[in-house]
Colleague: 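Here it is, the structure in full.
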Amino acid sequence: MNLKIIYPIPKSQSQFYRIFRIIMRYTFIIAALACAIVNICVKGKAWSIVVIWSLISLWQLLFSLKIMEFSIYSHATRITFYLSVLLILIDYLLAPGWARTVLPIVLFAYLLVMFILYFALRDKRDRHILSIFILGLFSMIAIPYSIDHFPITNWIAFSFSLASVVLFIILVIINFKNIIYEIKVRFKTNRIKK
Amino acid sequence: MSNKKLENELTELKIDLDDVSRNMVDEFFNELNKRINLPFVAKEQLINDYLKAFRYYLNNNYKVKKIVKLLDLNNLGDFYAHNERRYLELDNAAIVYPLGMRQHEMPMFRLGVKLKEVVCPELLQIALDITIKRFPGFVCTVKSGFFWHYLETNNNPIQIEEEKDIPCKPISRLSRTYRSFRVLYYKKRISIEFFHVLTDGTGGLVFLKTLLREYFNLKGIKVPIEKGILDINGIVNEEELENEFKKAKGDSDFNTFVDHSSLQLKGKRINAPMSKIVHFILETDKLKEVSKKYSGTITAYICAIMFLAAKPCIKQKEGLFNIQIPINMRKFNNSKTLKNYSMYFNASVDIKNVHDKETLVKEISKQIKEKGSYESMHKMMVTTGKIINSLSFVPKFLKNIVLQLVYGSFANSMIGSTLSNVGLVDMPEEMKKEIDMVYFLLSPGYPNRASATMASINNKTLFTVIKNSDDDTFENNIYDLLKEDGLKVELEGSIDYES
């Protein structure tokens, strides 16, 4: 059976990424399990949770990109979310106090970058406002976090948190209509009323 | 024009023209500029499309007056002037696709035509620029809601691409103009690949025919608006965006979804949408005659051929082999929707009873009549609606987990192969004269090793087998079986993508 070839011959695709992804998946799983087992055996602080979360974060950010709606905004939001949770875990499980200063700085830095991008990339901003809004809301946790043990407040953290709030409020005011629209459509259930 | 490069190109375009023509060109591009209110890069892209088309015409000795008439800017309407964000829900058939998708997978299908002349990409691009405004359901990106995915319109222009890769490859979400379909050209072929969330074969054909009409118009071939072609300057009919499944009321039966698992063809699957394409080009008249000889329709006859060809490719000696046959629901109620509106049933035969064409055609015809009946399909639609309704308030991430487990392995394991027939593609005579063949491709879902499609035009039926396996026995058997019935078979296809 001889075929007349009518389709272009594709360039040979490198299988490197696919194979690398498979190897990394099993490496991560084995590493996570090994850490959990060793941690249980040697007891002490629950450092394995920090390691496992770090592995999950790396996997999600490098090897499991969003299938839908991948954008610079959504990816930055995801990075900040995983990093923030990691900092909170470190604070509670390993080194209390240290992350209390770093977390508000990270969240402020994120909001500042988003703020700049928002004005720089005019064409895309309206469509990605919800991811900024959600992480903006999340960043509000930095406030109670930074004023923990009041009145011995971490003033650096508190200042950054306050700056985040201001940035967030400005973004919400400018985008109030868009945010309402986004919330409406994102939470539609498509339910048929009987 | 704001861009220096475009300014220069425009100046270059006018070099050999007389003053009157120069003024006309200036007026044309000023008017174009006024009609576009897009982000900088997108605007540049659209103006560049028109510059290229203008150059193409000038190189082919068209007069400027004629060019301005052919590239009539009224065809752009105000589509690129207002960035309207419109929410469109996914229909009940589409809703499952993004939920069940894994990394590097996307359910895609391709519709295309082979023209009698080599495709002119400059004019195809303009045809696309002016056609998409009539299809708001297609100029969409898929977005993530809390409960479901949904579509949102986006008026950034879409660039046609030269075909270079394996057909039906997932659309890259990293692309700046990421959309849910792509238009490709290769030599004499124009193809459109759709992400299945947008539409089914019938909806896709309406888009293809409308795009082709505009392409031929730009080439100076007048084609009337008839036989499923839409007027690009007409008002969008809301019925075209309707989720027809929601209208289905009545009794449901969950059993309509559950079927016995199917045997699978042997062979190693490759990590790509397909491993090989084989087109069997048949004469429609002869095919009809042969099908009639066995007292069946073309679909029943080809389905029987597939069962016979599959038998030697299955390891097991007994057990059901299921071929999924989509049914276009529009034939029951003349719906105008361009969204998915097809249901499916499985033609099942125990592989130990697969012996001869006569018995098989009879059995399949009986099953098409019973399982493919309106009552049966309607029941399935009602059931789908009820299942989706009951999952309305379940957060999407939970549905994702369940469907990723169920959709890939469980649902597709009930299917051994698919036979999708878009039938005789009806087009105006003026268009038919310019077209040689119609192509239809559908990549086999996991764990299937083959799917098949059919489309006919100008007394040519293209029966296509799309493989995802390293075993050639199935298509070789089909060839022998068709030859056995005295059919003249021409063969076309792709290389083995695995090698």
Side-chain angles (χ1 to χ4, degrees), chain A residues 1-15 17-19 21-22 24-25 59-60 62-75 77-78 120-131 134 177-178 180-194, chain B residues 38-42 83 85 87 89-90 95 98 101-106 114 141-150 152 154 156 162-167 170 173-174 178 186-187 189 243 246 271-272 276-279 385 388-389 392-393 472 475-476 479-480 490-495 497:
Chain A
M1 201 173 80
N2 284 324
L3 293 184
K4 182 184 166 198
I5 304 299
I6 57 158
Y7 289 91
I9 297 164
K11 274 190 231 156
S12 63
Q13 305 265 321
S14 164
Q15 294 290 310
Y17 179 74
R18 196 179 66 85
I19 295 165
R21 192 171 180 268
I22 294 169
M24 290 314 286
R25 183 167 61 194
W59 180 259
Q60 291 291 335
L62 298 178
F63 300 104
S64 181
L65 299 179
K66 276 177 80 177
I67 294 179
M68 301 291 153
E69 276 197 82
F70 180 88
S71 71
I72 188 168
Y73 293 94
S74 66
H75 205 57
T77 302
R78 288 178 94 204
L121 304 174
R122 190 180 63 88
D123 57 322
K124 288 181 178 176
R125 63 190 189 193
D126 292 352
R127 296 177 184 268
H128 300 285
I129 193 66
L130 199 71
S131 55
I134 289 170
K177 252 181 157 177
N178 265 327
I180 297 294
Y181 166 82
E182 285 278 344
I183 292 172
K184 263 189 197 167
V185 297
R186 301 262 176 184
F187 286 86
K188 279 203 177 180
T189 60
N190 295 2
R191 196 171 170 77
I192 308 167
K193 283 166 195 143
K194 283 175 191 169
Chain B
L38 291 170
F40 183 72
V41 184
N83 188 2
R85 295 174 71 187
Y87 165 91
E89 69 173 48
L90 292 180
I95 218 157
M101 263 162 58
R102 294 160 203 224
Q103 286 282 330
H104 315 296
E105 274 181 18
M106 199 179 248
K114 183 182 171 193
T141 44
V142 183
K143 301 200 92 179
S144 242
F146 186 73
F147 297 106
W148 300 104
H149 287 96
Y150 64 93
E152 192 177 83
N154 186 334
N156 271 357
E162 190 178 355
E163 189 179 338
K164 286 177 182 160
D165 222 325
I166 298 180
R173 62 195 161 230
L174 299 172
Y178 165 67
Y186 180 69
K187 293 179 183 172
R189 188 170 59 232
N243 176 4
K246 276 195 167 176
N271 186 42
K276 193 181 183 185
I277 303 163
V278 183
H279 296 299
I388 288 171
N389 229 19
S392 299
F393 291 106
D472 291 344
E475 54 270 30
N476 289 338
Y479 180 73
D480 293 340
E490 267 181 71
L491 291 169
E492 285 184 357
S494 72
I495 57 150
Y497 293 123

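What's counted below: heavy atoms across the whole structure, side chains too, no hydrogens, waters or symmetry copies. Numbers restart at 1 for each chain; the letters A, B, ... are given by sequence-line order, proteins then strands.
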Colleague: Under 4.5 Å from any heavy atom of chain A, what part of B/I388 do you find: side chain, backbone, both or neither?
Modeller: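 Contact with chain A involves no heavy atom of B/I388 at all.
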
Colleague: Just so I know, are the side chains of B/V278 and A/M1 near enough to count as touching, which here means a heavy-atom distance under 4.5 Å?
Modeller: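 The answer is yes; the side chains approach within 4.5 Å.
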
Colleague: Taking all non-hydrogen atoms of both residues into account, name the closest pair between B/I166 and A/P10 and its distance.
Modeller: CG1-CG, 3.8 Å

Colleague: Regarding A/K188 and the six-membered ring of B/Y150, is the cationic atom NZ or CZ under 6.0 Å from the ring centre and inside 45° of its axis?
Modeller: no

Colleague: Yes or no on side chain to side chain contact (heavy atoms under 4.5 Å, CB included) for A/I6 and B/K114, after CA distance, side-chain angles and deciding distance?
Modeller: CA-CA 10 Å; A/I6 57 158; B/K114 183 182 171 193; 6.0 Å; no

Colleague: Which answer fits B/Y186, side chain, backbone, both or neither, if we ask what part of it has an atom under 4.5 Å from a heavy atom of chain A?
Modeller: side chain

Colleague: Which heavy-atom pair separates B/G493 from A/Y7 by the least distance, and what is that distance?
Modeller: O-CD1, 3.5 Å

Colleague: First locate atom CD of A/E182, then atom CD of B/E152, and finally report the distance between them rounded to the nearest 0.5 Å.
Modeller: 6.0 Å

Colleague: My understanding is that only one of B/E162, B/E163, B/K187 makes a side chain to side chain contact (heavy atoms under 4.5 Å, CB included) with A/P8; could you say which?
Modeller: B/E163

Colleague: Counting only heavy atoms closer than 4.5 Å, note whether B/P167 contacts chain A via side chain, backbone, both or neither.
Modeller: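 Looking at B/P167, just its side chain touches chain A.
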
Colleague: If you apply the rule side chain to side chain contact (heavy atoms under 4.5 Å, CB included), what do you find for B/K143 with A/R186, and how did you get there?
Modeller: CA-CA 9 Å; B/K143 301 200 92 179; A/R186 301 262 176 184; 3.4 Å; yes

Colleague: When rounded to the nearest 0.5 angstrom, what is the spacing between OG1 in A/T189 and CZ in B/F146?
Modeller: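 Spacing of OG1 (A/T189) from CZ (B/F146) equals 12.0 Å.
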
Colleague: In this structure, are over 12 heavy atoms from other groups packed under 6.0 Å from A/I9 atom CD1?
Modeller: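 Not more than 12 within 6.0 Å, no.
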
Colleague: So, taking the atom named CG in A/N2 and the one named OH in B/Y479, what distance separates them when rounded to the nearest 0.5 Å?
Modeller: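 A/N2 CG to B/Y479 OH: 8.5 Å, rounded to 0.5 Å.
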
